[in-house]
Amino acid sequence: MVIFRCLLKGHCCKKYWIPVTHLDLLRLHIYAGIEIKPSIINLYESSLYEDLTYPRVIFKNESYFLALNSKDDSSCIFLSKEGKCNIHPYKPLVCRFYPFVYIEKESEIDIEINENALGECPGLIIDKKPIPDSIKRDLIRLAQVRILELKMWGRVAEEWNSSEYSKKEFDEVAEKFLGFIMSRAEEDRKKLVESGLWIP
Ligand code: SF4
């Protein structure tokens, strides 16, 4: 059977950058008390990652993916010296799937092992049997919310991109940008709560 238990070793947190939505940031603010300021985030030039389909935000004619900031050694800013995630209960949804991925197949969602995690994630044990139903069930529900949140984030990004502010450099409008996406996050959170789809 495929067995997975996160051992909080942080291997994945040193290797990948973490794309976030406005709602990921709102969770950090509400539940972990983190002030959402420019030093929390990073922008990755989307032209360097053409295969990625995440929503993009524009600053001064360049489009970017919004992500968590990282330390000088490229590890996530929320990874502790001991290798643990300091925001584990409220971490961004993308972190919660690893070492699995969700695949959208027409109207269905399937859960598969993330090939990048093979031999890398110490909490993943594989003996060629299927992923347990309990893991699949939880991750399918998470994927349904994730897909919805990405659509909401896409609409927020579009709104930003069509505003006058998107013509400026990030540093000139950073506070404005964060204020804007956090206010939209509050509105979207209300919709998710009303439909029973809000995940802390
Ligand atoms: S938010 Fe937590 S789980 Fe996600 S990369 Fe950062 S330290 Fe790792």
Side-chain angles (χ1 to χ4, degrees), residues 2-46 48-49 51-57 64-102 111-125 131 135-136 138-150 152-153 156-157 174 177-178 181-182 185 188-189 192 198-200:
V2 174
I3 298 172
F4 171 64
R5 187 166 63 86
C6 181
L7 301 179
L8 300 178
K9 295 287 184 191
H11 292 251
C12 46
C13 315
K14 295 175 187 154
K15 190 165 176 190
Y16 305 106
W17 57 272
I18 303 300
V20 288
T21 68
H22 59 326
L23 292 156
D24 287 319
L25 295 179
L26 184 63
R27 273 186 281 273
L28 293 187
H29 180 62
I30 294 176
Y31 301 113
I34 289 168
E35 188 189 346
I36 305 305
K37 52 190 178 182
S39 59
I40 296 290
I41 59 163
N42 203 346
L43 295 170
Y44 285 77
E45 274 182 44
S46 63
L48 301 177
Y49 306 93
D51 292 346
L52 292 182
T53 55
Y54 294 117
R56 297 151 194 234
V57 283
Y64 300 90
F65 296 120
L66 182 67
L68 288 184
N69 207 351
S70 52
K71 301 181 206 163
D72 290 345
D73 64 357
S74 299
S75 63
C76 174
I77 47 165
F78 292 115
L79 187 66
S80 73
K81 281 192 195 128
E82 296 73 37
K84 297 195 176 3
C85 174
N86 283 330
I87 52 164
H88 183 63
Y90 318 116
K91 62 190 178 184
L93 295 194
V94 73
C95 299
R96 304 187 197 195
F97 287 97
Y98 195 86
F100 301 96
V101 286
Y102 68 86
I111 303 298
E112 295 180 2
I113 290 171
N114 183 337
E115 287 186 4
N116 293 325
L118 295 172
E120 175 187 281
C121 175
L124 182 67
I125 300 167
I131 299 171
I135 291 181
K136 276 202 167 187
D138 289 350
L139 289 183
I140 285 173
R141 168 161 165 82
L142 189 62
Q144 286 164 340
V145 175
R146 170 75 172 153
I147 290 164
L148 192 54
E149 290 197 3
L150 279 173
M152 290 172 152
W153 175 226
V156 173
F177 172 70
L178 290 176
I181 67 170
M182 295 312 281
D188 284 340
R189 174 175 177 257
L192 290 166
W198 173 248
I199 293 182

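Numbering of ligands and ligand atoms starts at 1, following listing order. These numbers come from the heavy atoms of this one structure, side chains and all, not from hydrogens, waters or symmetry mates. All values reported here derive from a predicted model rather than from experimental measurement.
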Do [X] and [Y] make a side-chain contact, defined as non-hydrogen atoms from C-beta onward lying under 4.5 Å apart?
X	Y	value
Val20	Leu28	no
Leu26	Asp188	no
Tyr54	Val94	yes

Drop me the distance from Lys37's NZ to Leu178's CG, to the nearest 0.5 angstrom. 11.5 Å
Is the Tyr44 ring parallel, tilted or perpendicular to the Tyr49 ring (thresholds 30°, 60°)? perpendicular
Classify the ring geometry between Trp17 and Phe65 as parallel (under 30°), tilted (30 to 60°) or perpendicular (over 60°). parallel
Ligand 1 versus Ile87: contacting region, heavy-atom distance under 4.0 Å: side chain
At a cut-off of 2.8 Å, list the protein N/O/S atoms near atom 8 (Fe) of ligand 1, residue plus atom name. Cys13 SG
Give the atoms of ligand 1, by number and element, whose distance to some non-hydrogen atom of Pro92 is under 4.0 Å. 1 (S)
More than 12 heavy atoms from other groups under 6.0 Å of NE2 on His29: no
